[in-house]
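Residue numbering restarts at 1 for every chain, and letters A, B, ... go by the order of the sequence lines.
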Protein chains: 2
Amino acid sequence: MSEPLRLGIAGLGTVGMGVVKIAQAHAAMLERRAGRPIKITAVSARDRTRNRDADLSGYAWENDPVALARREDVDLFIEVMGGDNGPAKASTEAAIATGKDVVTANKALLAHHGQALAETAESAGRVIRFEAAVAGGIPVVKALTEGLAANEIRRVMGVMNGTCNYILTRMESAGLAYDQVFEEARQLGYLEADPNLDVGGIDAGHKLSLLAAVAFGTRVSFDAVELEGIGRVSIDDIRRAADMGYRIKLLGVAQMTGRGLEQRMSPCLVPADSPLGQLQGGTNMVVLEGDSVGQIVLRGAGAGQGPTASAVMSDVIDIARGIRVSTFGQPAATLCDAIPAKATAPAPFYLRMALSDKPGALAKVATILGDAGISIDRMRQYGHEDPTAPVLIVTHRTTREAIDHALSRLPATGVVEGDAVAIRIETV
Amino acid sequence: MSEPLRLGIAGLGTVGMGVVKIAQAHAAMLERRAGRPIKITAVSARDRTRNRDADLSGYAWENDPVALARREDVDLFIEVMGGDNGPAKASTEAAIATGKDVVTANKALLAHHGQALAETAESAGRVIRFEAAVAGGIPVVKALTEGLAANEIRRVMGVMNGTCNYILTRMESAGLAYDQVFEEARQLGYLEADPNLDVGGIDAGHKLSLLAAVAFGTRVSFDAVELEGIGRVSIDDIRRAADMGYRIKLLGVAQMTGRGLEQRMSPCLVPADSPLGQLQGGTNMVVLEGDSVGQIVLRGAGAGQGPTASAVMSDVIDIARGIRVSTFGQPAATLCDAIPAKATAPAPFYLRMALSDKPGALAKVATILGDAGISIDRMRQYGHEDPTAPVLIVTHRTTREAIDHALSRLPATGVVEGDAVAIRIETV
């Protein structure tokens, strides 16, 4: 096994250059661990003239990633361009068709085409690995696919979009409205070109759908993820939730129930002093629950050059070592179709509404909740602001259905101004 | 790859029976993930007549684990008997000599003989894997060996002995002295037959030495671990530390410095609201720091039947899948000899002493600290109890050497009763 493993890297942005830097800085260490040299032979990017912070003169250059993927001096194709279609898909297919293994950081590509790509690769005896696509530097794909492979997985949860977590923590710490922090994040370059990928929960939803496929042995079904972004999270709710001891996080939950596979990515309240509640900025956390192992929690940087490149290179080293695990932990052709189920697991909810200053107002609300079978754990009414008083309620465990039913009856009371807000509370 | 992988299990205690249960309950799932059936063919234990909570009638029985290890119908030998020598070592050697791979949960065996066993196995083309030996169900060996393989590891830290953590958290929550909780733990069956393995820090030290070998590419050097158990942690210090916002944990730290490899397992203070500070009971936490990935934190059950068996079976599935990674992440013959270094990295320290009720007493102590170059971050003097007053000091970052020098000068002041206590403060 002393033949070098020859890499072709498509994409020389933050992640691609991170991979180059590790390969250059740690050649001897990588060879010692992998049992063979790991060498970059060719690279490709859109703009050859751009100034890059490393010497690329030793590598062949291709303007076209598909041409890179087809090169005979490349054994392993690294796709770090991004995009759920176009060159990323075409070059990945070209790599497989010409006998290469593939390592990718592209969650969008796999969320949409992972099933087909994995089947094609596996019938050609090739592997596609994607550690860097989920939760940056945290080795969560490996932990789930290999480390917990003896477990029937019960639930997977995670905060997996650093930009959303940055926006939410910054809103709280600076007391700023969503729109202001969104603009800050844009200026800092934290947002994707299409910001809805981040703040709409799509990027995090992609990641969740990939973990769910591994966890439950089901075909990736991103379209079945119930998605709710953070655009409607108000500074009011962040403040009020903090008063009650909670923080708001964009949290993904996937679990297999008797009714089918639930996948949900939405803003949730978590206890402020819990591990999830204490996550700051770009840090990610993933919680894996298995029947034998119980709960495993993993925390680390969810993005950034070093962490993401670390994950890409761990897949490269695996392949250099001869580790060839199916993309989703079992042959893609054996994955089942998941029956999508609405996420209905009961949970406590946080409710916020503006109550009119009328006698019996609170009683009317309480009656509606009681009629819907919702019992109240904690309630707090603040002093009147303008003509209404903010009221916060933390319920005992109930269903989203019961909450929606109760909310639909509130307007008819004539004592609640505007729309009431309901946010699920998750504890880890 | 549809030939079954045939297991021989030596040891049918908690862990061994956990492995049997997973194999029986999840045969189809394991086959789907591993790509081939995983079948137990033979087992061995000291007492065949003991009532065990599973049907073992389908497996051949051996009274002698060495005979089990040599059986022709065993491909993979699982050693879950324990013990750093004797039958565990003899049977592991017999398994390798007769061409089997080995999965073990035995940290003591590997801490003492891991280098020789790994070299023997690797020159025979066999592998020894040990995920279950460190931090129970947490896939930390895999995370370090594979998931972070692209990183130069800077530091490894961890709370890795659940019994010690149980004792320390129970002392705090119930306000009980060490001896009382130790006795409780013994009666609950939480302690090893030789309790010093737990409370002396030896078991946790074994684990740290194994992680250090993987992290730094060095031969296992358990003898170089600076060990300090929890036997001298007093309820007084637990209470006083809590007053200052800290908890006491038995914490392991391994890091490579310019002077050599530091390995230390000792009681430390950690902030009460930090992830390490919030660890309760048998939960373990490991912190891995790499040059590219930054800090990765892993948390989960450090012991117990399900978690430990989950880890054993993850190694089994790896081997069934054809994953054959060297025991310590690179061929054992290529590991370097570590130069052991005293753990001298500066840190803040917590000091507790009993001060006599004499004019200028505090000034004398402060002068000695100042002379030793130690500056004080926070100080608290309590009211006098009997003739002395408890004084707590949290220093700024300083060295153990400076602290020891200052402590040695305290008796001559005539104002400090008894021995002062100094405990290192670690933050994560």
Using a cut-off of under 4.5 Å for heavy-atom pairs, which of [options] has the most such pairs with chain B?
{"options": "A:Ala309, A:Ala143, A:Ser310, A:Pro275", "value": "A:Ser310"}
{"options": "A:Pro307, A:Ala311, A:Ser326", "value": "A:Pro307"}
{"options": "A:Gly300, A:Ser314, A:Ser292", "value": "A:Ser292"}
{"options": "A:Glu131, A:Arg324, A:Gln278", "value": "A:Gln278"}
{"options": "A:Thr145, A:Thr334, A:Leu288, A:Ile38", "value": "A:Thr145"}

Any idea which heavy atoms bring B:Ile22 and A:Ala150 closest together, and the distance?
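For B:Ile22 and A:Ala150, the tightest heavy-atom pair comes out as CG2-O, 3.8 Å.
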
Measure the spacing between CD of A:Glu152 and CE of B:Met29 and express it to the nearest 0.5 Å.
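Reported to 0.5 Å precision, the distance equals 6.5 Å.
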
About how many Å separate CG of A:Asn151 and CZ of B:Arg33, when rounded to the nearest 0.5 Å?
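Here the rounded value is 7.5 Å.
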
Measure the shortest side-chain to side-chain distance between [X] and [Y] over non-hydrogen atoms and say whether it is less than 4.5 angstrom.
{"X": "A:Met285", "Y": "B:Val297", "value": "no"}
{"X": "B:Ile296", "Y": "A:Ile138", "value": "yes"}
{"X": "A:Asp318", "Y": "B:Glu146", "value": "yes"}
{"X": "A:Ile323", "Y": "B:Val325", "value": "yes"}

By a 4.5 Å heavy-atom criterion (distance strictly below it), what part of A:Asp315 contacts chain B: side chain, backbone, both, or neither?
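Contact with chain B is absent: no heavy atom of A:Asp315 under 4.5 Å.
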
Tell me, for B:Leu30 versus chain A, whether the close heavy atoms (under 4.5 Å) come from the side chain, the backbone, both or neither.
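B:Leu30 touches chain A through side-chain heavy atoms alone.
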
Winner by heavy-atom pair count (cut-off under 4.5 Å) against chain A, out of [options]:
{"options": "B:Met313, B:Arg32, B:Gln305", "value": "B:Arg32"}
{"options": "B:Asp291, B:Val312, B:Thr308, B:Val293", "value": "B:Val293"}
{"options": "B:Gly294, B:Gly18, B:Ala149", "value": "B:Ala149"}

What verdict does the side chain to side chain contact (heavy atoms under 4.5 Å, CB included) test give for A:Arg299 and B:Arg299, after you've listed the backbone C-alpha separation in whole Å, the side-chain angles of each residue and the deciding distance to 0.1 Å?
CA-CA 9 Å; A:Arg299 196 188 75 195; B:Arg299 195 189 76 195; over 6 Å; no

Heavy-atom count check: over 12 atoms from other residues, nucleotides or ligands less than 6.0 Å from A:Lys21 NZ?
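More than 12 within 6.0 Å, yes.
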
Taking the side chain from A:Arg321 and the backbone from B:Gly329, do they hold a donor-acceptor pair closer than 3.5 Å?
yes

